[in-house]
Amino acid sequence: MSSISSSISNILLDKEILLESGTNELELLVFNVADYTFGINVAKVREVLPTQTLTRLPRAHRSVRGVFKLRNQVVPCVSLYEHLSIERGGPDAESNLILTDFNQQQTAFLVDSVERIHRLSWEQILSMPPLMVIAQTPVTAIARCDGRLIVMLDFEMIIDQVTDRAFRTDAVENPRGLPRETLRVVLADDSPTVREAVANTLRASGYTNLRYFENGGEAWRWIETRLAETGDVGQVADLIISDVEMPQVDGFHLTKRVKEHPRLNRLPVLLYSSIVTPDNLKKGQAVGADAQIAKPELSKIVELADELISAARGSAVESSTPPLAEISPATQPIAAAAVAPAPFAAAAPQPAVAASASSAAAATQVRPVAAVPAGAKVPGGDTRLWNTFQQELAGHLKQLRGLAKAAGRKTPDAAQVNTWLRTLHTIKSASMVVPVEEVAHATHLLESLIEAQRQGGSWQPTAIDAYLNWLGELLGANDPRRVLDEASGVQAEIAVALAATAR
């Protein structure tokens, strides 16, 4: 390894020194691939290494060169040349590895060389340029650094694109001998598609005693009611599984309420999110979450459920000490209408419901979506999950069209923009578990556009309408693949809008 790479790696291994400086700054590791210069937030980097001997994998994604062993861990290695369709460079091509560490997994990326670490203000980070959108390059932003523009790659998106995100539905062995069919699991997620995907994964391995809720507020009210009725924590739940990003009450708040309760605090809580960033991980730990995973990793959910329930049962027998997490005093009670109590039993996944639509949204019609027959050829291959996704998408589309109609050609207020971003995030999360990459990517780009407009750019209704119309065509389409193949056109329209917003 070159002396530069070696010194950078040493700094990264002790990178707490870099991160203690203060607010509104980040450290950017700048590196090269052929004639391109890219950057990555140091918070996502573990170290820089010379290229390792790789073991190739059968049927791997074309961008995955193979795997290697590092400190008793097997690490996948991704070629940026391959993934970004860059023509191979000179003799030093792919001579270094950047080892990333986020979403509770390590992934290595092959690069030519690394330059140095720059400390930048967030004010030097610019919105994603439209040309990168048209090229479908996974880019999160552009950094102004030493008179240059450094492209910051979206490594989360790259990993999503190369990872098999389909949920496992085959049975997972039960080495602990748990009575899974009798164990009670509470599941909270505002996306019916994600709820069904998680439930399918659990049911296939015997976790059939499930209770579903659309947000943390509903889940908490039911938990309180159930405890008051039975007087027995064991009759409430053995495990709570919750999304982090939800309307009304998010997963962090739900976890905090559970862990602050004098009787419920030993119930294990598993949180999941689209992206488990270091910041989100710290927040989850602060409120006492027992485990956290990213949505692309939900295939591990059965093993984690076994582990958390076994640990909770063991600690309940061995100890009666207070919970380990030190929690601040309770926040204000969750205000909402009480949920009628119901016996704990497996329930069918709830249908999609558009969240808090305005009067204009309620008046906006979305044609009914006919279910496709079992065995039909659909994205992801699971007709039941596809039908759930279609129904959910119809609800979100109705809400977004209502918001668009209410705004007209004017920039909406802050509350409406937040609703846009929250709904788009839910659509992206649902499309990730089907999986439908075209919808996830287009939605990711529109989130960037809405965010740019929130930062002061002009409202661009034409691109928004193009996205909404495209989703409308996808609903109930006889040939979904034909509609999905038109995603590049929608992305191009958003790119034009981004260009206009930047001016």
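These numbers were taken from a predicted model, which means no experiment stands behind them.
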Review point. Who are the side chain to side chain contact (heavy atoms under 4.5 Å, CB included) partners of Ala289, not counting sequence neighbours?
Key: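 Residues passing side chain to side chain contact (heavy atoms under 4.5 Å, CB included) with Ala289: Thr255, Leu271, Gln292.
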**Study point:** Non-neighbouring partners of Glu82 that pass side chain to side chain contact (heavy atoms under 4.5 Å, CB included), sequence neighbours left out
**Key:**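 Per chain and number, Glu82 pairs via side chain to side chain contact (heavy atoms under 4.5 Å, CB included) with Arg62, Ser63, Arg65, Ser79.
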Check your understanding: Per the side-chain hydrogen bond (donor to acceptor under 3.5 Å, both in side chains) rule, which among Gln399, Lys398, Glu392 passes with His396?
Key ->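 Per the side-chain hydrogen bond (donor to acceptor under 3.5 Å, both in side chains) rule, the option paired with His396 is Glu392, out of Gln399, Lys398, Glu392.
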Exercise for review: Using the test ring pair (Phe, Tyr, Trp, His ring centres under 6.0 Å), find all partners of Trp386 that sit at least two apart in sequence or belong to another chain.
Suggested key: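 Partners of Trp386 under the ring pair (Phe, Tyr, Trp, His ring centres under 6.0 Å) test: Phe389.
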At what distance, to the nearest 0.5 angstrom, does [atom1] of [X] lie from [atom2] of [Y]?
X: Leu475; Y: Leu471; atom1: CG; atom2: CG; value: 7.0 Å
X: Ile301; Y: Leu239; atom1: CD1; atom2: CG; value: 8.0 Å
X: Asp190; Y: Arg195; atom1: CG; atom2: CZ; value: 8.0 Å
X: Ser429; Y: Leu424; atom1: OG; atom2: CG; value: 10.5 Å
X: Leu474; Y: Asp479; atom1: CG; atom2: CG; value: 10.5 Å
X: Thr423; Y: Asn418; atom1: OG1; atom2: CG; value: 10.5 Å

Review point. Do Arg203 and Asn200 have side-chain N/O donor and acceptor atoms under 3.5 Å apart?
Key: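 Note: Arg203 and Asn200 side chains meet the donor-acceptor criterion.
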Has [X] got a side-chain atom pairing as donor or acceptor with [Y]'s backbone, closer than 3.5 angstrom?
X: Trp470; Y: Val483; result: yes
X: Gln416; Y: Asp413; result: yes
X: Arg184; Y: Arg211; result: no
X: Thr443; Y: Lys428; result: no

Review point. Checking side chain to side chain contact (heavy atoms under 4.5 Å, CB included) for the pair Arg401/Leu397: CA distance, chi angles, key distance, verdict?
Key: CA-CA 6 Å; Arg401 281 179 171 169; Leu397 182 59; 3.8 Å; yes
Point to revise | Asp232 atom CG: more than 12 heavy-atom contacts under 6.0 Å | key: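 Correct, the count exceeds 12.
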Side chain to side chain, [X] and [Y], heavy atoms closer than 4.5 Å:
X: Asp238; Y: Asn209; result: no
X: Asp243; Y: Tyr272; result: yes
X: Leu484; Y: Val436; result: yes

Point to revise | Closest contact, heavy atoms only, Ala291 versus Leu308 | key: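 That closest heavy-atom pairing would be CB-CD1, 4.0 Å.
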Point to revise | Nearest atoms (heavy-atom pairs only) where Pro76 meets Val67 | key: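 Looks like CA-CG1, 3.8 Å.
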Which residues pass the salt bridge (Lys or Arg N to Asp or Glu O under 4.0 Å) test with [X], sequence neighbours left out?
X: Asp485; answer: Arg481
X: Glu486; answer: Arg482
X: Arg180; answer: Asp306

Check your understanding: With under 30° as parallel and over 60° as perpendicular, where do the rings of Phe155 and Phe109 fit, or are they tilted in between?
Key ->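 Aromatic pair Phe155/Phe109 classed perpendicular.
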Check your understanding: Between Trp220 and His261, what is the ring plane arrangement, given parallel below 30°, perpendicular above 60°, and tilted in between?
Key ->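 If you compare the ring of Trp220 with that of His261, the planes turn out perpendicular.
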Practice item. Could you check His83 against His61 for side chain to side chain contact (heavy atoms under 4.5 Å, CB included), going step by step and ending with a plain yes or no? Key: CA-CA 10 Å; His83 196 79; His61 188 279; 4.1 Å; yes
Practice item. Give a yes or no on whether a salt bridge exists between Lys259 and Asp290, defined as a side-chain N under 4.0 angstrom from a carboxylate O. Key: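 Here Lys259 pairs with Asp290 in a salt bridge, since their nearest N and O are under 4.0 Å apart.
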